[in-house]
Every structure is written in C-alpha cells, then in structure tokens.
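Both backbone and side-chain heavy atoms feed into the values below; hydrogens, waters and symmetry mates do not.
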Amino acid sequence: MAKDRERSIDRASLVMLKKADEENWETAWDRFEKMQPQCKFGIEGVCCRICSMGPCRIIPGRTDHGICGANVDTIAARNLVRMIAGGAAAHSDHGRDVAHALLLAAQDESSDYEIKDPVKLREVANVYGIGLNGASDREIAVALAKRALANFGQQEGELELAHRAPKRRVERWQELGIMPRGIDREIVEIMHRTHMGVDTDYRNIMKQGLRCALSDGWGGSMIATELQDILFGTPTPIRATCNLGTLEKDQVNIVVHGHEPVLSEMVVVAAQDPELLQLADKVGAKGINIAGMCCTANEILMRHGVPVAGNFLQQELAMMTGAVDLMMVDVQCIMPALSDLSQRFHTKLVSTSPKAKFPGVEHVEFSEEHALDIAKQLLRMGVENFANRDKAPFIPQETMDLIGGFTAESVFDFLGGTYRATYRPLNDAIIDGRLRGAAGIVGCNNPKITHDFGHVEMAKELIKNDVLVVAGGCSAIADAKAGLMRPEVAFELAGKGLQEICEAVGIPPVLHLGSCVDNSRILMTLAHVVNEGGLGEDISDLPVAGAAPEWMSEKAVSIGFYFVASGVFTTLGMPLPVLGSENLTRLVTEELEGTVGGKFAFEPDPVKAAHLMIDHIDKKRAALKLKEVMYA
Ligand code: SF4
Ligand code: MSK
C-alpha cells in the first residue's frame, strides 16, 4: 500500500483514502498498484496493434520492425497522433452538441435555453463574417450555430476561429501546411493516415497531428467555449467553495460529473424549483445541494458559483462519503469503477448521454428539447433517494474558498479597468518587469503522480517567481483546494511584483479559467496580449509557458499539442509515449521549436518543471530586450 503522502496532498482525499483502506473499498490508487509493473512497450509507444498481422512490438536489435516493416518511428508517431485524434474528437464533439443546443434555442421560442450573452453572440458572429445589420439575436444565433456546425464537416478552406490567432501565427501555420480545414476532417485524416500501410514518415504523420490539435484548440474547443458563453452567459469573477466538505450532511446532495454544461445548467435552475424543495423538506432534508465534479464542476462554478466537490481522482471518494444521493454523469473522465462502487452505497448513479452508458447503471437520456423536465426528473430521483441514506455519512470537513470565473474578457476588465478595455496594463507589467511572465497549468490527475502535488507545487513555484498563473480543468480545482485562488494568498506566496498587481486589481495570483474546453480561453488571452503590442508579433515571442503536470487523458495530449503548435513551450509531468523512438522524441522535445515555435519538455518534478518554464520565460524576455525582472 502506497504511503498516504504518496497518494495525495489533499487533506480531504487523505481522510477518505484512510476510510477506504479501513473498509477495504478499492480506489484507482489500489488498482494502479495492482497494475505494476506497467508495460514498457506501451509506456514507450512501441507496440502496434493496428492490423491483425500484429500485435508487434519493437525490441531494439531483435525486432526492429513490425511484420509489415513499420519502424519504431512510424509506430510511435501513429500511436501518438491517434491520441491527439481521440482528444480532439472528445472536445469537438462537445462543441458540436453546444452548437446544436444554440440552434435549438434560437429556433424554438419555447426552448428552456435563452441567449444570455448577446454581446458575445455578435462578436463571434462577426468573426464568422455573419451580417449583423438589423438582424435579431435569434437570427444571428441561427446563422452562427449553422456556421459552427458546418465547421465540423467542412472539407476545404480554413477554420474561421483560427484566424483569431495573431497574423504572424496564421501565416506560419499556412506556410507549414497545418492550418486546420474542417474539424472532423482532421480527425478522419489521422485515422486514415495511420491505417496499416498508409503514412510511414513520422514527420509527415506528426504534421497532421499538429493540424488536428489546432482544429481542437482553435476549432472544436473554442466553439464549445464561445457558444456556451453565448447560451449560458460569459462568466465573471465569482466566489465559491470547494472540496469534499461542500457535501452537506443535512441536504440532498446531487453531484454533477462529466463535461457538458447543457444539462448541468438546467440542474442549477431545477434546484430552485419550489415543488422539489418542498419534496426535499418532506423527506427530511434541509435543501438541495448541487456540487460539481471534474469539468462540469468548473462550468457551473464559473457561471453560478456552485461548489466543487473535487477533481478527477476524487470521484470515487465522493461516493464513498455515503452522502451523495445522486451522481449524474454525461461524458468524459467518468471512471467505469463508479458503476460497481455505486452498488455498495445508496448513491443513485445515472448516465444521461446516449454516448456513454454503463452496464447496470440507470439511464435517463438527456435531450435539449426537454432539458428542464429531465433535470427535474433527475433531481426528484435524488431527493427521493435521500431517505435511503446511511444515517451517518462520512464527510471530510475540508472546504476552501476561491474566486473563479476569469475569462479572456474579464482579464480585460480587471487589468484594464472598465473604462479602458485593454490588455495594456498586463503587457506593461510584463514589459516593466513587475511581472516576469505568465503560465497556463492545465490537465488531469494521475495516480502516477501524488494527487494535486504536481499542480500545486508548480503553481506555488511560479507565483513565487512573479509568474501569473492561469489554470484550467482539474488543475484549477487542485489549486483552488490548496487555497491558491484567494486574493490574500498573494501576500503569503507570490513574489513582490505579482503581489503588487494582485493587490492593485484584487485578483488571486492563480486565475481559474474554466474547464478543459476553456483552455481555448488561454489561446485567446495570448492572442490579445500579442495584439496589444510591445511583446513581439507572435505567441512564440511571448514570455509565457504551459504545463500539464498530472495529465492522463487523450484530451490533454491534444491540448498539449495545440499549445505547442501555437508557439508555447509546454512541460509534461509524464512523458508522451514516444521514448522508444529517439527520432520522435527529438522532434517533439527539440525540433518542433524550429517550425511552430513551441516544444515539449518532460519533467516529473513540478518545481524543476517550473524552473524550466521560468528559464524559457527569461529567454523570451531577453530576446524581446525587456527590462530586468523588477524583484528578481
Ligand atoms: Fe504490426 Fe505493421 Fe500490423 Fe502494426 S501495422 S500490427 S507494425 S504488421
Ligand atoms: S476533467 S480531461 S481529468 S482535466 Fe476535464 Fe479533469 Fe483531465 Fe478530465
């Protein structure tokens, strides 16, 4: 059994892990241990099972080629770009569903959804070149939703949203032949090229990987984020609480877990329904408490201040409290283990997406047409299940305050002041050396790395060195639980320059930028910083860096590649599965810098990784001939 401190740094999780050990309840950490040693061929990316002559694995000096003759570079590159395709597909299919919901909302006056941000509607419609003169919000929304949907099946041309990148960046993508065309097309082309006997050149394979990743970041994910903002409202800074202690002993606890906010938005509305509140009262509960898990948590936190129960590795632990009356799940990052686990507890686990069903788990299918009714039906199931709860749930007491809800737009408001919507003060702070630079930390948890340790230690080291941190996905939740998203923490942990900025504008040193698809907000922030001027002409000129210290999902691979393809140096806590191919390793960790301007570094130690990022930031500052960092 791994020592507690090796499993998590989060106190609430440690309390639950102890309880799980005592009760002999299995968690992902236990299954991870049973899985040791993990397959080296898989870790290094040198196993191929693309055709049934295989599976083949490369053992240097013995089997240097697969049965078809594919070498290690081809095999590892094919495996890697298939991960990008998987991640881009997940994000983009999410975006497609949001576009569909926007279309319904705009076409159907009786829809449960309404357009909450008409300003953003017009701004995004403008990017698509949709005529705005005299058109109503509904008309514009119909046109925009149709154009966004068309982006998925588009065969030729270029994604309109990719043109929001700085001019120099777009030119570079065009010169390299990696400007994304249609979102589905880039994914399909990866699947075609990596079929047995098609593309053998690892560089050419990776070129398509970059194009596909860009179609995610500047396509599918950006469509998801922007259209969600239009439909559900663009977040603004908001106070909330997080961690397992947000589950309430006396209330019906409903956990919403997964990714797509089309249902969870309605759940938040339904939780105010007087009839359901009355029913809760009747069953002896003091109310209905909605809490989020993983990225659904981030979505409803950002827009409504709904508490966050936890991040990826806490999903089983939440159920083990015995306090969750209903956990509804949609898509992505839902551990199949929840299904067996729910048999041991009174928790009703309910799947809601036709794309993700679980054997033995009740399914209540969500449809945008009946969104509010379905949300109420689910809540009713949870309320009725309250009576089956163990009299004494085991809820760790830990909670933490945070401010969430930052966006590429609210950074504008905060740093520029409401009368001067501009990035000028942010750029000036970097130019003057008050701020060294900025970093985006994103991605998951992974039992290979102590839970939350990678995210939190990296963020602390960066802010100590006057690097403003923006965080997304489960990384943001880790930082929030550690208290790094409270403005006052700047005085304790941030360098003097960052402290001054946090004090002047009242922001925390680590900004919550939302869910996985909201990593596209980081891209837009970078584009705004370049366009503001004074820090070079391309994203790759900026003193910024990215990281995914505890990544595990294919989506994280796609995110990593769209960061790198956009010109951002990015560190990963676990290596990509490329180490079996020296050529591919060299390509992603060195050579890409010469073409797209960004590259990867693999470093498990988050403090060392933070210093790789700081060194990179300093290198970029020197190239821009900026002043010395003020308080170095
Ligand atoms: Fe083996 Fe080639 Fe088939 Fe892959 S594609 S399994 S390397 S024969
Ligand atoms: S939920 S992809 S574990 S960040 Fe977006 Fe968290 Fe990673 Fe899933």
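- For Asp117 (side chain) and Val119 (main-chain N/O), a donor-acceptor pair under 3.5 Å exists by modelled atom type.
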(request) Verify side chain to side chain contact (heavy atoms under 4.5 Å, CB included) between Val467 and Met613, making sure each step is shown before the conclusion. (result) CA-CA 10 Å; Val467 176; Met613 295 158 81; over 6 Å; no
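- Taking the side chain as every heavy atom from C-beta outward, Ile230 and Ile115 approach each other to under 4.5 Å.
- Scanning for side-chain contact (heavy atoms from CB on, under 4.5 Å) contacts around Ala90 gives Gln332, Lys555, with sequence neighbours left out.
- A donor-acceptor pair under 3.5 Å links the side-chain atoms of Trp551 to the main chain of Met574, judged by distance alone.
- A donor-acceptor contact shorter than 3.5 Å is absent between the side chain of Thr399 and the backbone of Cys242.
- In this structure, Asp340 CG and Met335 CE are separated by 13.5 Å, a value rounded to the nearest 0.5 Å.
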(request) Please assess Ser221 against Asp216 for the test side-chain hydrogen bond (donor to acceptor under 3.5 Å, both in side chains), listing each intermediate value before the final yes or no. (result) CA-CA 5 Å; Ser221 280; Asp216 173 359; 2.6 Å; yes
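- There is no side-chain donor-acceptor pair under 3.5 Å between His91 and Glu554.
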(request) Take Thr241 and Asp401 through the side-chain hydrogen bond (donor to acceptor under 3.5 Å, both in side chains) test and state the conclusion after the steps. (result) CA-CA 4 Å; Thr241 52; Asp401 295 333; 5.7 Å; no
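- A side-chain donor-acceptor contact under 3.5 Å links Thr352 to the backbone of Val329.
- Here the OG1 atom belonging to Thr225 is positioned 8.0 Å from the CG atom belonging to Asn519, to the nearest 0.5 angstrom.
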(message) Walk me through whether Val383 and Ile288 qualify under side chain to side chain contact (heavy atoms under 4.5 Å, CB included).
(response) CA-CA 8 Å; Val383 174; Ile288 300 174; 3.9 Å; yes
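- Val568 and Ile539 get closest at one heavy-atom pair: CG2-CG2, 3.9 Å.
- Proximity of a side-chain donor or acceptor of Asn385 to a complementary backbone N or O of Asp325 within less than 3.5 Å is detected.
- Nearest approach of Ala297 to Val308, heavy atoms of both residues: CB-CG1, 3.9 Å.
- With sequence neighbours left out, the ring-ring contact (aromatic ring centres under 6.0 Å, His included) criterion links His451 to Trp29.
- Arg164 has a carboxylate O that lies under 4.0 Å from a charged side-chain N of Glu226, or vice versa, which qualifies the two as a salt bridge.
- To the nearest 0.5 Å, the span separating CD on Glu369 from CD1 on Ile374 amounts to 8.5 Å.
- Nearest heavy-atom pair across Ser215 and Ile183 is O-CG1, 3.7 Å.
- The closest side-chain donor-acceptor pair between Asn253 and Glu248, if any, does not fall under 3.5 angstrom.
- Looking only at side-chain heavy atoms (C-beta outward), Thr571 and Phe600 stay at 4.5 Å or farther from each other.
- Salt-bridge formation is not detected for the pair Lys448/Glu550: no Lys NZ or Arg NE/NH1/NH2 atom is positioned less than 4.0 Å from an Asp or Glu carboxylate oxygen.
- Side-chain contact between Pro509 and Leu468 is absent, with no heavy atoms from C-beta onward closer than 4.5 Å.
- Legend: residues meeting side-chain contact (heavy atoms from CB on, under 4.5 Å) with Arg239, ordered by chain and number and at least two apart, are Ile403.
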(request) Using the side chain to side chain contact (heavy atoms under 4.5 Å, CB included) rule, take Phe406 and Val470 through it: C-alpha gap first, then chi angles, then the decisive distance, then the call. (result) CA-CA 9 Å; Phe406 292 92; Val470 296; over 6 Å; no
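- Judged as a side chain to side chain donor-acceptor pair (under 3.5 Å), and not counting sequence neighbours, the contacts of Thr27 are Asp30.
- Between Asp452 and the choices Arg11, Arg7, Lys481, the salt bridge (charged side-chain N to carboxylate O under 4.0 Å, His left out) rule is met once, by Lys481.
- When atom types are taken as modelled, the side chain of Ser553 and the backbone of Ala556 share a donor-acceptor pair closer than 3.5 angstrom.
- Remark: Arg147 is not positioned above the aromatic ring of Tyr128, lacking an NZ or CZ atom under 6.0 angstrom from the ring centre and at most 45 degrees off the axis.
- Residue pairs meeting the ring pair (Phe, Tyr, Trp, His ring centres under 6.0 Å) criterion with at least one member in residues 358-381: none, sequence neighbours excluded.
- Counting heavy atoms from C-beta on, the side chains of Lys355 and Asp93 come closer than 4.5 Å.
- Among residues two or more places apart in sequence or in another chain, the ring-ring contact (aromatic ring centres under 6.0 Å, His included) test is passed with Phe569 by His616.
- Here the closest non-hydrogen pair linking Gly219 and Leu159 is CA-CD1, 3.9 Å.
- When all heavy atoms of Ala356 and Ser351 are compared, the closest pair comes out as O-CB, 3.5 Å.
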(message) Before you tell me yes or no, could you show the steps for Phe602 and Val588 under side chain to side chain contact (heavy atoms under 4.5 Å, CB included), namely the whole-Å CA-CA distance, both residues' side-chain angles and the distance that decides it to 0.1 Å?
(response) CA-CA 10 Å; Phe602 308 143; Val588 298; 4.2 Å; yes
(request) Give the C-alpha distance, both sets of side-chain angles, the deciding distance and a yes or no for salt bridge (charged side-chain N to carboxylate O under 4.0 Å, His left out) between Arg303 and Asp229. (result) CA-CA 9 Å; Arg303 296 194 178 86; Asp229 283 356; 2.8 Å; yes
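- The pair Lys460-Glu457 meets the salt-bridge criterion, with a side-chain N (NZ, NE, NH1 or NH2) lying under 4.0 Å from an Asp/Glu carboxylate O.
- Residues Ile441 and Pro549 have side chains in contact (heavy-atom distance under 4.5 Å, counting atoms from C-beta outward).
- In this structure the side chain of His304 reaches within 4.5 angstrom of the side chain of Glu265, judged on heavy atoms.
- A donor-acceptor pair is defined here as one N or O able to donate and one able to accept, closer than 3.5 Å; such a pair exists between the side chain of Thr407 and the backbone of Ser410.
- Enclosure of atom CZ in Arg486 by more than 12 non-hydrogen atoms of other residues, nucleotides or ligands within 6.0 angstrom is indicated.
- Counting heavy atoms from C-beta outward, Ile254 and Met328 have side chains that approach closer than 4.5 Å.
- Between Met83 and Asn79 there is no side-chain heavy-atom pair separated by less than 4.5 Å.
- Residue Asp330 forms a side-chain contact (heavy atoms from CB on, under 4.5 Å) with just one option from Val262, Leu263, Val256, Thr296, and that option is Thr296.
- Distance alone, capped at 3.5 Å, places no donor-acceptor pair between the Ser475 side chain and the Ala471 backbone.
- Gln314 and Asp10 are linked by a side-chain donor-acceptor pair at a separation below 3.5 angstrom, with hydrogens and angles left out of the test.
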(request) Evaluate salt bridge (charged side-chain N to carboxylate O under 4.0 Å, His left out) for Arg31 paired with Glu316, printing each intermediate quantity in order. (result) CA-CA 13 Å; Arg31 293 188 293 275; Glu316 293 175 286; 3.0 Å; yes
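- A cation-pi geometry, defined here as NZ or CZ lying under 6.0 Å from the six-membered ring centre and within 45° of its normal, does not hold between Lys116 and Phe232.
- The two residues Glu368 and Leu104 have their closest heavy-atom pair at CB-CD1, 3.4 Å.
- Screening His512, Arg521, Glu409, Glu299 for a side-chain contact (heavy atoms from CB on, under 4.5 Å) with Pro235, the sole residue that qualifies is Arg521.
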